[in-house]
There are 2 protein chains.
Amino acid sequence: MRSGIEKQVIQYLYTDRELSCSALSERIEKSVPMVMHALNQLMKRGWVCSTGYAPSTGGRKPLLYSLVPEAQYIVAVAMDQLFTRIQVLDWLHRPITQLETLALPLHDNEQATDILVQAIHKHLHASSVNVSKILGVGIGMPGFVHIQKGVNYTFLPTPNGESLRAYLQKQLQLPVLIDNDSSLIALAELRFGMAKNRKHVMVINIGWGTGLGMIVNGTLFRGHTGYAGEFSHIPISENKILCECGKRGCLETETSLLLLAEKAKEEIRQGKVSQLSTLFKANMHAVDAVLEAANNGDEYAIELLSDVGYKLGKGIAILIHIMNPELIVLSGRGAKAGKILLAPVQHALNKYCIPRLLENTEIAVSKLGFEASLIGAANLVMENLFEWN
Amino acid sequence: MRSGIEKQVIQYLYTDRELSCSALSERIEKSVPMVMHALNQLMKRGWVCSTGYAPSTGGRKPLLYSLVPEAQYIVAVAMDQLFTRIQVLDWLHRPITQLETLALPLHDNEQATDILVQAIHKHLHASSVNVSKILGVGIGMPGFVHIQKGVNYTFLPTPNGESLRAYLQKQLQLPVLIDNDSSLIALAELRFGMAKNRKHVMVINIGWGTGLGMIVNGTLFRGHTGYAGEFSHIPISENKILCECGKRGCLETETSLLLLAEKAKEEIRQGKVSQLSTLFKANMHAVDAVLEAANNGDEYAIELLSDVGYKLGKGIAILIHIMNPELIVLSGRGAKAGKILLAPVQHALNKYCIPRLLENTEIAVSKLGFEASLIGAANLVMENLFEWN
DNA sequence: TAAACTTAATAAAATATTTTAAAAACAAGA
DNA sequence: TCTTGTTTTTAAAATATTTTATTAAGTTTA
């Protein structure tokens with residue numbers, strides 16, 4: 001990739017699908033002749049093609065360009081503490097292989113890394129994807145991920161302390177990029193979701209725990225050592241419950257869906273009346289059961305989620321005071337029940353936020369939903385295009 | 001100012017005092033010939049001069065350049081809720097006039113703006129400063145300041161709703177820049193203090209209240225509508241004390257030095273033994289009395305400040321979790337007693353922070369101290385050089 | 001103490017990039 | 001329908017910027 005312009009053209013076409021030469025020129029802030037040159041180079045390589053004319057806006061019709069979707073593929077991997085999803089996507093996020101979900105608990109799991117490698121290997125072999133067309137593998141994972149070093153300090157250990165990224169790269173014989181799951185969800189929202197073209201957005205990853213991906217000045221914010229957004233462990237609660245992190249009073253102890261599901265199970269056992277009693281027996285994770293029951297209007301499930309929403313809202317109030325974002329996006333697994341969470345979150349914000357700050361902050365539920373993690377993983381590969389060795 | 005390079009040369013020489021052409025070239029990321037040209041232009045104008053050779057680092061000695069300190073002056077104004085300081089500074093921050101401090105309470109004060117105007121007018125007249133050499137007036141002030149609009153929504157009202165900046169500009173017949181006081185303190189730390197050359201720094205403005213200026217990605221962070229860093233009103237306390245902002249449980253209710261002084265006065269009245277009983281009678285603000293007593297080793301004052309420090313530390317723990325900064329600077333009026341605050345802050349951080357985050361976060365007391373506000377105000381003018389109309 | 005290696009400053013050449021000009025394609029109003 | 005004003009595209013010219021080469025000045029090593 002000679003010119004930086006070519007790279008930018010690819011990235012803009014990836015996020016915006018179809019753009020004219022002059023539109024690209026404005027975005028990249030380079031002259032039309034230079035962008036035209038880059039487009040011609042990319043067309044020669046077969047990565048870009050023109051896709052007809054856009055309607056005139058008062059003058060000559062602009063010729064539109066877009067990526068050739070099937071020119072290159074990306075392996076997107078979205079991991080959480082319990083499940084891992086794998087899928088090959090093209091440049092339009094269209095699935096090339098069927099989504100594969102495997103149960104892969106990461107906690108204290110020495111074999112996790114090798115299971116992951118085997119799963120990706122098998123996925124690629126089972127589907128007859130042309131491996132030479134694969135640009136790279138993007139993996140979103142929980143834990144303290146150091147992206148420069150390519151290390152995950154929390155999960156997915158490697159033999160003899162090699163960096164996870166290097167190990168995966170060696171095993172898979174493909175370029176591999178890893179990042180924190182919440183960061184990738186935020187990235188997905190920034191490029192393709194509700195945070196698109198926004199500057200300051202907080203994306204809440206409502207999953208087994210509570211994650212945060214921060215968009216600051218239009219880019220993903222990582223902080224000094226890459227661990228910014230440790231939202232779930234801010235000391236805020238007086239409940240004294242011991243958190244996984246070893247401290248007490250973490251926000252996570254009040255908003256974790258995993259803990260909520262435990263509580264629900266216990267109360268159902270003690271005779272609470274709810275749809276959940278049957279759903280819990282179905283082949284479905286307890287958390288998903290609660291989310292589904294709430295969406296079906298089950299009073300008890302709604303009550304449980306509302307409580308989480310209110311506590312979350314108090315945490316978000318802190319976030320708004322410090323960051324003054326224009327938008328808060330509720331995303332991740334819990335976005336399925338986003339509508340139900342929205343009201344109590346808003347309620348808490350009204351109570352805990354200075355009106356001048358709140359009035360300019362929008363609260364929304366992700367439209368990408370649970371797909372955000374996969375899209376973010378794919379996007380990670382695209383954003384780091386040709387920067388690996 | 002024709003070229004953007006000239007502006008950057010001025011700004012780098014302003015913050016770094018003396019630099020060689022090649023050092024400037026590296027910083028500005030422009031070739032040596034271009035920077036040389038800009039330097040020559042600026043020397044023709046009499047704003048820049050060469051100041052001898054630097055020691056060799058293995059080859060030819062570099063010729064150093066710096067600003068001509070007395071070429072232009074800046075009026076720096078640092079306001080807080082009770083006092084306003086005014087001083088004319090040169091390009092080396094050397095005082096051209098004597099520091100003037102006037103009591104100017106801003107709360108519910110309709111005349112505040114005109115008093116400010118008159119004070120600046122008088123200050124400039126009394127000292128015989130050549131007004132044509134004044135580049136502009138930089139003012140740091142508390143309240144919700146919207147810098148684009150040049151408006152302060154909290155204090156300093158203007159007749160018939162004109163923007164504060166426009167009004168001041170008209171009245172003073174000089175370019176005026178306004179900004180939030182805590183932001184300017186952070187800016188001062190970034191350019192001349194402990195945050196220099198750092199990327200992610202949180203500067204705590206310990207004053208009558210508790211302010212926060214945020215350095216993110218090496219620049220001052222303002223958020224969506226410019227009010228980022230409303231640290232003091234995060235809902236964190238269970239004390240239920242009604243805050244000025246109208247909410248209960250704000251951090252400010254636990255860390256405000258003004259409230260602390262009130263408490264001290266009350267307890268002294270009830271017979272508490274302390275140096276404070278005599279200091280309170282001196283011609284000194286009660287808050288300064290507490291700070292001084294603490295520095296003198298007064299047990300009661302230290303106890304009061306330690307309590308504030310611990311509460312503040314809990315708030316800072318939240319900040320660290322969200323922002324993952326490399327450095328926290330305790331600055332502002334309270335920095336005088338910074339050493340006393342440091343221990344309880346550190347104590348709270350050890351208790352409330354995830355070790356992995358804390359181990360990469362330095363906590364320090366500002367060396368600029370109370371001067372930061374004036375330096376920040378002057379710097380505000382320099383950073384917006386030639387951008388006004 | 002001279003040769004070899006550094007770094008800095010300047011001038012000349014080469015390259016990169018933008019600006020301008022012109023042509024093509026289209027819309028809207030007279 | 002023709003004219004005028006837009007916008008896009010391409011080519012040519014002008015400008016901006018960097019690269020290279022050269023000279024100058026200094027340090028280090030043999």
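Below, read A as the first sequence line, B as the second, and so on, with proteins coming before strands; counting in each chain starts at 1.
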When you measure from the side-chain N and O atoms of Ser56(A) to the phosphate of dT7(D), is any distance below 4.0 Å, counting only OP1 and OP2?
no

Does the side chain of Glu189(B) reach to within under 4.5 Å of the side chain of Ile215(B), using non-hydrogen atoms?
no

Would one find a side-chain N or O of Ser31(A) under 4.0 angstrom from OP1 or OP2 of dT18(C)?
yes

Output the rounded distance in Å from CD1 (Ile28(B)) to P (dA16(D)).
18 Å

Between NE2 of His37(B) and C1' of dA16(D) the distance, given in whole Å, is 11 Å

So if I take every side-chain heavy atom of Thr57(A) and compare against dC26(C), dT7(D), dT10(D), which nucleotide ends up nearest?
dT7(D)

Nearest nucleotide by nearest heavy atom, which residue falls closer to the 5' end of DNA chain D, Gly58(A) or Cys21(A)?
Gly58(A)

Atom-to-atom span, CG of Leu63(B) to P of dA24(D) - whole angstrom
17 Å

For the pair made of CE in Met36(B) and P in dA11(C), what is the distance, rounded to whole Å?
10 Å

Answer yes if the side chains of Thr219(B) and Asn217(B) hold a donor-acceptor pair under 3.5 Å, and no otherwise.
no

Does Lys61(B) or Ile5(A) map to a spot on DNA chain C nearer the 5' end, using the closest nucleotide for each?
Lys61(B)

When the distance from CD of Gln8(A) to C1' of dT17(C) is rounded to whole Å, what number comes out?
15 Å

Atom-to-atom span, CG of Leu39(A) to P of dT8(D) - whole angstrom:
14 Å

Does a donor on one side chain sit under 3.5 Å from an acceptor on the other, for Ser66(A) and Glu18(A)?
no

Selected nucleotide, minimal atom distance to Pro62(A) side chain, candidates dA11(D), dT10(C), dT8(D)
dT8(D)

Heavy-atom closest pair, residues Gln8(A) and Ile28(A):
OE1-CG2, 3.4 Å

Just the rounded figure in Å: distance from P of dT15(C) to NZ of Lys30(B).
19 Å

Does Arg60(A) contact dA25(C) through a side-chain donor or acceptor facing the base, at a distance under 3.5 Å?
no

Ring center gap for His93(B) and Tyr14(B) short of 6.0 angstrom
yes

Atom pair distance, as rounded to whole Å: CE in Met34(A) and C1' in dT15(D):
14 Å

